[in-house]
Structure formats: structure tokens, C-alpha cells
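These notes are about the structure you will find just below.
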4 protein chains.
Amino acid sequence: MYVHPTTKFKDRSTPRSAEANEQIRAETSAKIVEHALALFSKHGYDRTTIAMIATSAGVSQGLMYRYFDSKAALLRAIFAQSMADVRASMAAAAEGQTPRERIELLIRVSFEILRDHREFWRLSYGVRMQAAVLKELGPRVGAWTTEIKKTLAAFLRDADIDDPDVEAAILFALIDGVSQHYVLDPSGYPLYPVIEQIVDRYATPQSS
Amino acid sequence: MYVHPTTKFKDRSTPRSAEANEQIRAETSAKIVEHALALFSKHGYDRTTIAMIATSAGVSQGLMYRYFDSKAALLRAIFAQSMADVRASMAAAAEGQTPRERIELLIRVSFEILRDHREFWRLSYGVRMQAAVLKELGPRVGAWTTEIKKTLAAFLRDADIDDPDVEAAILFALIDGVSQHYVLDPSGYPLYPVIEQIVDRYATPQSS
Amino acid sequence: MYVHPTTKFKDRSTPRSAEANEQIRAETSAKIVEHALALFSKHGYDRTTIAMIATSAGVSQGLMYRYFDSKAALLRAIFAQSMADVRASMAAAAEGQTPRERIELLIRVSFEILRDHREFWRLSYGVRMQAAVLKELGPRVGAWTTEIKKTLAAFLRDADIDDPDVEAAILFALIDGVSQHYVLDPSGYPLYPVIEQIVDRYATPQSS
Amino acid sequence: MYVHPTTKFKDRSTPRSAEANEQIRAETSAKIVEHALALFSKHGYDRTTIAMIATSAGVSQGLMYRYFDSKAALLRAIFAQSMADVRASMAAAAEGQTPRERIELLIRVSFEILRDHREFWRLSYGVRMQAAVLKELGPRVGAWTTEIKKTLAAFLRDADIDDPDVEAAILFALIDGVSQHYVLDPSGYPLYPVIEQIVDRYATPQSS
DNA sequence: TATGAATGAGCCTTCATTCAT
DNA sequence: GATGAATGAAGGCTCATTCAT
């Protein structure tokens, strides 16, 4: 295993350097987030205990609170990070040249994001119907869905599709539904044929 | 003047007849289920306490355990009942004369069920991603989804639609996605135009 | 042991009567308060755990929370009750015929209260310097001391004593100091001779 | 620009001399004691955390344990130091020429000490009733009170005052009571008039 | 049938203390 | 001498469930 030279020959009785600490913090924080996400995703937020997360991540319970103020704060951190990822990926869809291309990109990108963040989406879907948990997440998460739907409607409007609002509602529901069914049973779901069908239907020039 | 509920219309000194008892049981049970469903739907299963349900239903906590062995049993009862409702409604779809008609009926019936059991669906969607809760629900609920998808695929196959399995996956996902978005914001969702669009797409003879 | 007739020959399968419940609640509540006071008094508020109180009172920890919303609420309840007792006793001092008599009564009554509520005073003295705990107690407890001092000053003014405010400060401090020393070591403190001396000094007609 | 504190004025490459080390130790120790006392006094011993002290003193939590073995040890150190101060000041009272003068000195010195060590007295009064904390403080603090009372009684006996033990109890209680009321509200308390009254009463030749 | 007091396990969180550097 | 990451043992509180009436 590779050991960074600067950390190797250090004076034994000197406090860790600021950078070393920063790295430790980043790693531990990431580890906690990772395991918390996996467990939240699998068992649901309420059914996941801090003890489970700590054990899974291989740290003490107490340590969690040096990184996150509370269980809810940990959840918020997970959402903040994943939402940033998603937003970044979504932005790529706007790069398409033609309206149709943008729609196609959006659809494809959505499912790529899904594939790469399966656990996050599971968590997100699990939490979506629980008002109490959503409140702990803050208003930004609630507004997020609306944001996506608006982007979608704009794209469809650009593509001169009839009834763009209704179509956006349908397409968004479709993506969401497929995502959930996939996430519920990734190995049993025919994701790729489904994607192609959807692309074919929404992004191919002849009217639907 | 306050009258203790149990002493209100019931003559304490006369033993109740067996039928009267049975009727009371049925009524109380229904009342508990009804209020439990409303609360589970609103706050989520884990965030709803037995105390909340008891208060809401106007019975004591202890009494709840004469009707349901546990909180999980109560959830199971709710699912059993709602699933029976759903199955019954779904069966009606099979009555359609032509394959296309059957598909149309299935779609329309699905959304009727949705409209009539909003709370149940909210609960169901909230619980769906939580492995721990699902286990408490027993295997029958898990199998349910598969069952619906199979019915759907059979209908599509009968209607000679290409790739019926993929199409079933898509249609089911679509129905599910629309249902969720509707349930999340019933008053803001254009449910009826969406239904017509879907019917138009899947149940009208010329290829989509 | 005496058993109340109405509770003796009851139908086994009937819920407890409202009065029976009320009595149980009153007894249990009193038991909790009593043991909590003893422990708070002995170990201090912060060092007394809910577990200690529950064990001492012979109830479960959970039960405490059916009677008091929190540990702080329990403390507040103790203060509310004891303060009411004290106020009632203090009112008796106003019954004295002459100013001197009123002062004498006040002094004697103060130490009677002290004797009867040793534990409460210990607790009160222990908590007095801890801003954080006082805040949890609410503003009424803080105002209490001021109230007593004012009563005292009024009495001394009526008795035509020079510098009544300074004298009130002194007399109050004296009573407080004696109370604390007594409470710290009840069996080793010469309380009664001290009381007589104080009465003699403040309540005997010739000017001090 | 931010400069890391430890690297500020210290040349890392030159080993510090023994005296320099000792001076640093003394300074750091004093700093910790000072901030700990302020916080203990303000929030109470139990409500003050090691983290609060470390932050306030500008040192790391770990470092505190190089100076004091435990939180209790820190408290002990504070008491030891303040008690030494007090004892020294008290000794000055014995220098008085006549018995009356010694009593007057004792009274005046007591309140000087009070004024100079307000925080310590607050802490001391806050901790006095908490058996659990007192035990951690060790037996010497408990004996201290007795010691003061004995000195007082001896002085009063020398001054040929009747019932010197009872009078000592009273005078000590009075000083203690005044001290507490003053410490509870330094700016609102008429300390100086009160002192003069007390001196007048106890240290002026004609009988009280 | 019905009530509500009582239990106990478990959860989130805090904090004095230790350890590696 | 100094730092701060890490630990682990409680502590307050909640809640599904049981029990006596």
C-alpha cells in the first residue's frame, strides 16, 4: 500500500499537521456518509439507528456527532451532496443541440444518475411520503421535484409537443415510476429496453 | 355535562348478546383501521404511535391489542383489506370485451382505485422502500406487485402489442409514477388529462 | 389495612373507576415527587438521574414520563408545591398584632418552614447559583427571593427600625445563612438557641 | 492572515530550555484555572464541559489532561488555590491588637476576600449542597467550614462575649448569608452599609 | 368489552477521557 | 508541550406492549 512520504518520517511527538487532520476528517466523513446512505436506503431512515451506522462504518457512535450534529443533519448532508451530483448531471442535458436531442439527453442522463445513485434514490423515494421526515430535510428538498418538472416542461415546449404540461407530467411520472421499479429490483428489471422505448417515444421526430 | 363514553348508551347490567358483541367488535375494529390508515398515511408508519391512533380513534391503547396483536398486525390488516379492495376492482377489468377495452378498463380502474384509496396508496408508497417494514408485512405484499405486472403483460400480449413485457413494465411504471405524483399533491395534479392521454396511447387500436 | 368498600367487591372485568385511577395517580405522583426531592436534595439536581429516582421510588423510568414531561418539569413541580407551602406559612406571619410580633412570627415561621422542608431548602440552595438550572425553573422562582426580602423590609419599616432596607438585607442574610448551615448539618447545629438570639435581637422592643 | 497559534512565537527547531518549559507550564496552568473558574462559577460545575473550558482558555482538550488528571482534579486545584488565598487573608485578622479589633478585622477581611474572589465563592456556594461533588473535592474542603467557625468562636470568646458558640454560629451565618446575597446580585446589594452595621454590632465594645 | 397504569427495551445524544501524531 | 480525532459509558426520553381491574 502506498504511503504518502510526508506522513512517513514525522517527529513522533508533534501534533498532526492541519492537512493530515483535514484528510482524516474528509475520509471519516465520507465513510460515515457512505454507510449511512446504504443503511438508510435499505432499511429506511427511521429504522436505521445511529448504532447501525456507526458499527457499519467502523466508528464509535460518539464520533458521528463530531461530524454531524444529529441524525437529521446527517440525512441533510446526504441529500445536499447527492442533489448537487444530480443537478450537475442534469445540467449536461441542456447541452443538447436540438430540442429532441435535449429531451433524449435528459432521459438518458436521468437513468444514468439513477444507476449511479441507486441507494440515494431508494432513500429519496422512501422518504418522499413522510411529511415528518421531509420537514427535517428542509424546504429545499421539497422544491427540488418541482424544479425538475419545470425543466422537463420547458424542454417539451421547445420541442413543440402538444400539451407540454400534461406531457411533462406523464414523462416525469414515467421516469419516476421506472426508476422506482428498477430501484426496487435492479437485477430483475429490464431497464435498458425500457429506456430505449422511452427515448424512442419521446425523442423521435414523428409526433407521439 | 361529561358522560363517560362507555356508559353512554349501554346498559351495564344487561349482558350484551353475542350478535351485539360481534357488531361492536366489527365497528371498533373498522374505526381503528380507519384512523390508523389516516395517520400512517399522513405521518408514515414509524412516526405514527399507537397512542396517536388510540386517541384519534377514541379508544384506549389497551383495547387496540384486543383487536390487533401488534402494530405490525394492524398494518397487515390494513394492507389485507385494501389489497382485497384493489383485487376486486382489478377483476372488473377482465370483464372488458376486447383486449383493448380490457387495457382501457384496467387503466381507468387503477386510477379509480387510486382516487378512492389515496391514503392507502400514500402509506403503501411510503413503506415500499423500507425492507424492515416490508418484512413485517409478510411476503404476500411483495408478491402483489409482480401479480399486477403479470396481469398487465397478459393483457398487452392479448392485444398483440410488441414486446409486451417491456411495455408492461413501462405502463405499470407510468401508472405507478402518476399515482405517486398525484398522491403527493392531489389538488395540483392534472390527473384527468393525464389519464386520457394514457388511455389514448395504450388502448387505441393504431400503434403508438 | 383499611380497604374502601366500593373497591372491594368489583366485577373483575371492569376498568378501574375514575376515582380509583385518580387515587393511583395521586399516590404515584406523590411517591415520585417525594423520592425525587430526597435525591435532588442529597446529590444535587444534575447528579441525580432519572434512573436513581425511578429505582428509589420503585417505579419504572418510563412511568415517570406519564407524570412529568421531563426531568426539569419534575423539578418545577417540586418547586411549585414547596413554594406554595412556604407562601402559606409566611402568610401566617402577617397575622401578628404588633410590628414586633410580626417580625418575631416571621423569624419563627421561617425556621419552622425550614425544619419541615429541609430537603427542599437543600435543593433550593443547591440550585440557586446555577443559572442554567434556574432558567429551567422559570422566572417565578427567581422572583421569589425578592418577594421575601420585600415583605421583610416592610415589617421592619413598620417597626420603626432605622435603615430598614439595610436591616432587612442583614436579617434576610442571617436567616438564610443560618438556614444553610443548619441544613448542611442539622444534627450539629444549635438551631434553637440561635433562633432565640435572633428573635431577641430583632423582635424585642429596645432599639438594636 | 491567520497564524496557527502554536507556531506563532516559538521556534520549533530549538528545544526549549527547562526553565522556559516550566514557565509555559505555569502560565498555561494558570490560564486553564482562570477560565475554568469563570465558567464553573457562571454555569455551575456540572454544566460546564471540558470543551467549554478548553475553548475559553484557548487550548486543546487533550492538553488539559497534561495539567489536570480529571475534571474533578481541576476543581480540586481551584479550591486548593482559593482556599490558600483565603487562609492567608484570614491569618491577617489574627494580627489585630485587641479582641474587638480582631473581630472587626475578621469581618472586614472576609468581605474583602469575597470581593476579590467573587467567582470562587459563587462556585463554592453552588457546589456546597451537592454531596456527590463534595466527595470528589475531598474531605479537606468539608473541614474548612468547621475551621473558620472555630476561629470565629475563639475570637468571640476572647472578647468575653456571652454564649460565644451561639454567637459564632450567628456571625458566621450572617457573613455567609450576606456573601451569598451579594454574590447573587453584586450590583444590587448594599454591601458596604451592611458591613458597617455588622462591624458596629459585633466589634463595638458595648454589648449588642 | 374496555381502561389506563405500568413496564422495559432501545434510541439519540453528550461528554469526560484516551490515543496517535 | 500540544493537538484533535476517537472512544465508550451513561443519560434523558419514547413507545410498543402487558397487566390489573
Side-chain angles (χ1 to χ4, degrees), chain A residues 7 10-18 20-21 24-25 28 46 48-52 54 59-67 69-72, chain B residues 4-7 10 12 15-16 20-21 24-25 28 46 48-54 59-67 69-72 74, chain C residues 7 10-18 20-21 24-25 28 46 48-52 54 59-67 69-72, chain D residues 4-7 10 12 15-16 20-21 24-25 28 46 48-54 59-67 69-72 74:
Chain A
T7 62
K10 269 272 203 50
D11 181 353
R12 276 295 201 77
S13 55
T14 293
R16 263 185 292 258
S17 73
N21 273 327
I24 289 177
R25 281 195 74 82
T28 306
D46 284 319
T48 304
T49 69
I50 294 288
M52 287 163 72
V59 301
S60 67
Q61 292 194 43
L63 190 60
M64 297 231 8
Y65 288 86
R66 300 227 349 137
Y67 288 84
D69 285 344
S70 63
K71 194 185 170 187
Chain B
H4 194 77
T6 59
T7 62
K10 286 167 206 150
R12 279 294 197 74
R16 280 181 288 265
N21 269 339
I24 289 175
R25 269 198 82 81
T28 306
D46 285 316
T48 304
T49 67
I50 294 287
M52 288 162 74
I53 300 170
V59 301
S60 67
Q61 293 194 43
L63 188 59
M64 300 214 24
Y65 285 84
R66 292 262 202 184
Y67 290 85
D69 285 344
S70 65
K71 195 183 172 188
L74 175 52
Chain C
T7 61
K10 269 266 202 59
D11 181 352
R12 275 291 202 76
S13 55
T14 294
R16 264 187 289 260
S17 72
N21 273 326
I24 288 176
R25 281 195 75 82
T28 306
D46 285 319
T48 304
T49 68
I50 294 289
M52 288 163 71
V59 301
S60 66
Q61 292 194 43
L63 190 59
M64 296 230 11
Y65 289 87
R66 302 228 345 137
Y67 288 85
D69 284 345
S70 64
K71 193 184 170 187
Chain D
H4 194 77
T6 58
T7 62
K10 287 168 206 150
R12 278 295 197 75
R16 280 182 288 265
N21 269 339
I24 289 176
R25 270 199 80 79
T28 308
D46 285 317
T48 304
T49 69
I50 294 287
M52 288 163 71
I53 299 170
V59 301
S60 67
Q61 292 192 43
L63 189 58
M64 300 214 26
Y65 285 84
R66 291 255 199 194
Y67 290 85
D69 286 343
S70 65
K71 194 183 172 187
L74 175 51

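Chain naming here is simple, since letters A, B, ... match the order of the sequence lines and numbering starts at 1 in each. A quick note: this is a predicted structure, and the numbers were derived from the prediction, not measured.
At a threshold of 4.5 Å between non-hydrogen side-chain atoms, the residues C:Val59 and C:Tyr67 do not count as touching.
Distances were taken from every side-chain heavy atom of D:Ile24 (C-beta onward) to each of E:dG4, F:dG8, F:dA2; the shortest belongs to F:dA2.
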**OP:** Could you provide the dot-bracket string of DNA chain E, using ( ) for intrastrand pairs, [ ] for crossing pairs and | for bases paired to another strand, with Watson-Crick or G-U pairs below 3.5 Å?
**Re:** .||||||||||||||||||||

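A donor-acceptor pair under 3.5 Å is formed between the side chain of A:Lys71 and the backbone N or O of A:Thr48.
Mapping C:Met64 and C:Asn21 onto DNA chain E via the closest heavy atom, the residue that lands nearer the 5' end is C:Asn21.
Residue D:Met64 is tested with D:Asp69, D:Thr28, D:Leu74 for a side-chain contact (heavy atoms from CB on, under 4.5 Å); the sole match is D:Leu74.
For the pair B:Arg66 and E:dA2, the criterion of a side-chain N or O lying under 4.0 Å from OP1 or OP2 is not met. For D:Tyr67, no side-chain nitrogen or oxygen approaches OP1 or OP2 of F:dG1 to under 4.0 Å. Between C:Arg25 and the phosphate of E:dA5, there is a side-chain N or O to OP1/OP2 separation shorter than 4.0 Å. OP1 or OP2 of F:dA6 sits under 4.0 Å from a side-chain N or O of A:Thr28.
Annotation: the span from B:Ser70 atom OG to B:Ile50 atom CD1 amounts to 8.0 Å, rounded to 0.5 Å.
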Original post:
Could you write nucleotides 14-20 of chain F as a row of B, S and -, 5' to 3', where a protein heavy atom under 4.0 Å of any base atom gives B, of only sugar-phosphate atoms gives S, and otherwise -?
Top reply: BBSBB--

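When every heavy atom of C:Arg25 is checked against every heavy atom of C:Arg66, the shortest pair comes out as NH2-O, 3.0 Å.
With sequence neighbours excluded, the residues satisfying side-chain hydrogen bond (donor to acceptor under 3.5 Å, both in side chains) with C:Asn21 are C:Arg16.
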